[in-house]
Protein chains: 2
Amino acid sequence: MQQESARRSNRDRTEATRADLIAAARKLFTEKSYAETGTPEIVTAAGVTRGALYHHFADKQALFAAVVEQEARAVALEIDRASPPSLDARDALIAGSDAYLAAMRVPGRTRLLLLDGPAVLGRAAMDAIDNRHGNRSLREGLVAAMRAQTMTRLPAQALTALLASAFDRAALAIEAGASAQDYRAVLMALIDGLSPAPPAA
Amino acid sequence: MQQESARRSNRDRTEATRADLIAAARKLFTEKSYAETGTPEIVTAAGVTRGALYHHFADKQALFAAVVEQEARAVALEIDRASPPSLDARDALIAGSDAYLAAMRVPGRTRLLLLDGPAVLGRAAMDAIDNRHGNRSLREGLVAAMRAQTMTRLPAQALTALLASAFDRAALAIEAGASAQDYRAVLMALIDGLSPAPPAA
DNA sequence: GGACATAACATACAGTCTGTATGTAAATCG
DNA sequence: CGATTTACATACAGACTGTATGTTATGTCC
């Protein structure tokens, strides 16, 4: 054995420390909130010191951004996995919608992505993250539906943002104890209302 | 003259000091953010000391809540003033929508009511404020439209929350520089889509 | 119309947090 | 194997929040 027990490359050390910090921060940021969580608590939970944190992240906000980014990626992954490209436009939208609502039931996600995220990072930064991950498939689905003539032609960016916002609020309401059926019904009515012709009775 | 120059009742003093604090806090909370604004700065701007602040408000968060409450009331007032009861259900909805988007263009309102508010006070507290002020007239308008058979029957609470959320996002996007026309068109399409029959061409 | 109580502040203090500066050991590189 | 850079740990300065305590103005009661 060359050293006491572990000889790790710098790349491995960085990766492990960053992952530990992000995991500990995610746990605390979701149990409480961004503002109520201090860096001393985070580094203790991660088993490192504040020096390590400020070596790998510019500041507390940058660590939070990393947590949010990871979470947004996870949500997008779950949605993509639930809506195979074999479905037609409308079915894909429905499947994606349900997958989104299911994904947002993972504890802490609404706080990270819908409450603290916009306040701490700003709406612009959150839009950038959303467009890179979650909203991308939604917008593509909407554009596909409009091309297939199953949806009224509307500005894609605006429609995506407003529908996404409605989904977000539904996720928040459901987590707060509201009827998931009610909110799902309204969401479907909103989507169906965008068809050029009323859905076949 | 009975005193040096001013003899004010306690009620007047309290009212004036609270108003000064709320005004100064509103200015700073909207110029920067809740987190970036310290109480020393607020009291300096208001011309009092931190002792006065903590005498009238339990903590910084309570002062923020007072600011948000005042702002929500102001928005609701503008909306009510713009949609007289003489209009029919759908026209009242349109008028209210436009009034809301116009009201949210007052600088700082989106940050107070849509970004920092939910993060600092929580969605539950914001829902309570919204239901007390803004969303009340929206829900009444929707219920009226459903009763008048000009709108599909849906769970009123859920529909109100989701439409309100879409309006909120539209206000944010417009403030960020997006096309107000695009967002308005999508909002109208969403509302019209809820009619049982397609609107007369 | 004075004594007493209470409200409206101002001042001082303790604890905590954030970001930075500095020091040290391990890894990488030539 | 020496030099340099990376990955941390420790120490420090400044700021902020909430509280405790002191002071002055107002309201109340006989």
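Reminder, nothing fancy here: chain letters follow the sequence lines and each chain counts from 1.
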Polar-atom pairs under 3.5 Å, protein N or O versus N or O of nucleotides 28-30 of chain C: list them with distances, or write none.
unit_1	atom_1	unit_2	atom_2	d
dT28(C)	OP1	Asn10(A)	N	2.9

Worksheet entry | Glu41(A) CD - dC17(C) P separation (whole Å) | 8 Å
Worksheet item: Within the side chain of Ser83(B), is there an N or O that forms a donor-acceptor pair under 3.5 Å with the backbone of Ala92(B)?
Response: no
Practice prompt. Please answer whether the main-chain N or O of Leu138(A) pairs with a side-chain N or O of Asn135(A) as donor and acceptor at a distance below 3.5 Å.
Written response: no
Worksheet item: Between Arg109(B) and Ala103(B), is there a donor-acceptor pair closer than 3.5 Å when you use the side chain of the first and the backbone of the second?
Response: yes
Practice prompt. Would you please name every residue forming a side chain to side chain donor-acceptor pair (under 3.5 Å) with Arg132(B), sequence neighbours left out?
Written response: Glu69(B)
Practice prompt. Please indicate whether Glu31(B) has more than 12 foreign heavy atoms, meaning atoms of other residues, nucleotides or ligands, lying under 6.0 Å from its CD.
Written response: yes
Practice prompt. May I have the distance from Leu63(B) (atom CG) to dG18(D) (atom P), rounded to whole angstrom?
Written response: 11 Å
Discussion item. Using the salt bridge (Lys or Arg N to Asp or Glu O under 4.0 Å) criterion, which residues pair with Arg50(B)? Sequence neighbours excluded.
Written reply: none
Fill in: Non-neighbouring partners of Asp20(B) that pass salt bridge (Lys or Arg N to Asp or Glu O under 4.0 Å), sequence neighbours left out
none
Practice prompt. Starting from P on dT6(D), measure out to CZ on Arg18(A) and report it in whole angstrom.
Written response: 15 Å
Fill in: Distance, rounded to the nearest Å, where Glu36(B) contributes CD and dA15(D) contributes P
16 Å
Fill in: Minimum-distance nucleotide (side-chain atoms of Pro40(A) versus dC16(D), dA10(C), dC17(C))
dC17(C)
Response to the item:
In whole angstroms, the gap separating P of dA7(D) from CD of Glu15(A) amounts to 12 Å
Discussion item. If you compare every side-chain N and O of His55(B) against the phosphate oxygens of dA8(C) (OP1, OP2), does one of them come in below 4.0 Å?
Written reply: yes
Worksheet item: Please give, in whole Å, the distance from dC16(D) C1' to Leu28(B) CG?
Response: 15 Å
Fill in: Non-hydrogen side-chain atoms of Leu101(A) and Tyr183(A) separated by less than 4.5 Å
no
Item to complete: Mind checking salt bridge (Lys or Arg N to Asp or Glu O under 4.0 Å) for Arg123(A) and listing every partner two or more places apart, or none if nothing turns up?
Response: Asp127(A)
Practice prompt. Report yes if a side-chain nitrogen or oxygen of Thr14(A) is closer than 4.0 Å to either non-bridging phosphate oxygen (OP1 or OP2) of dT6(D); otherwise report no.
Written response: no
Worksheet entry | Separation of atom CG in Leu21(B) from atom C1' in dC9(C), rounded to whole Å | 11 Å
Worksheet item: So, is His56(B) close to the dA8(C) phosphate, meaning a side-chain N or O under 4.0 Å from OP1 or OP2?
Response: no
Fill in: Nearest-Å distance for atom pair CZ/P, residues Phe57(B) and dA8(C)
12 Å
Practice prompt. Summarise how protein sits on nucleotides 19-25 of chain C as a single string, 5' to 3': B when a protein heavy atom is under 4.0 Å from the base, S for sugar-phosphate-only contact, - for no contact.
Written response: BB-----
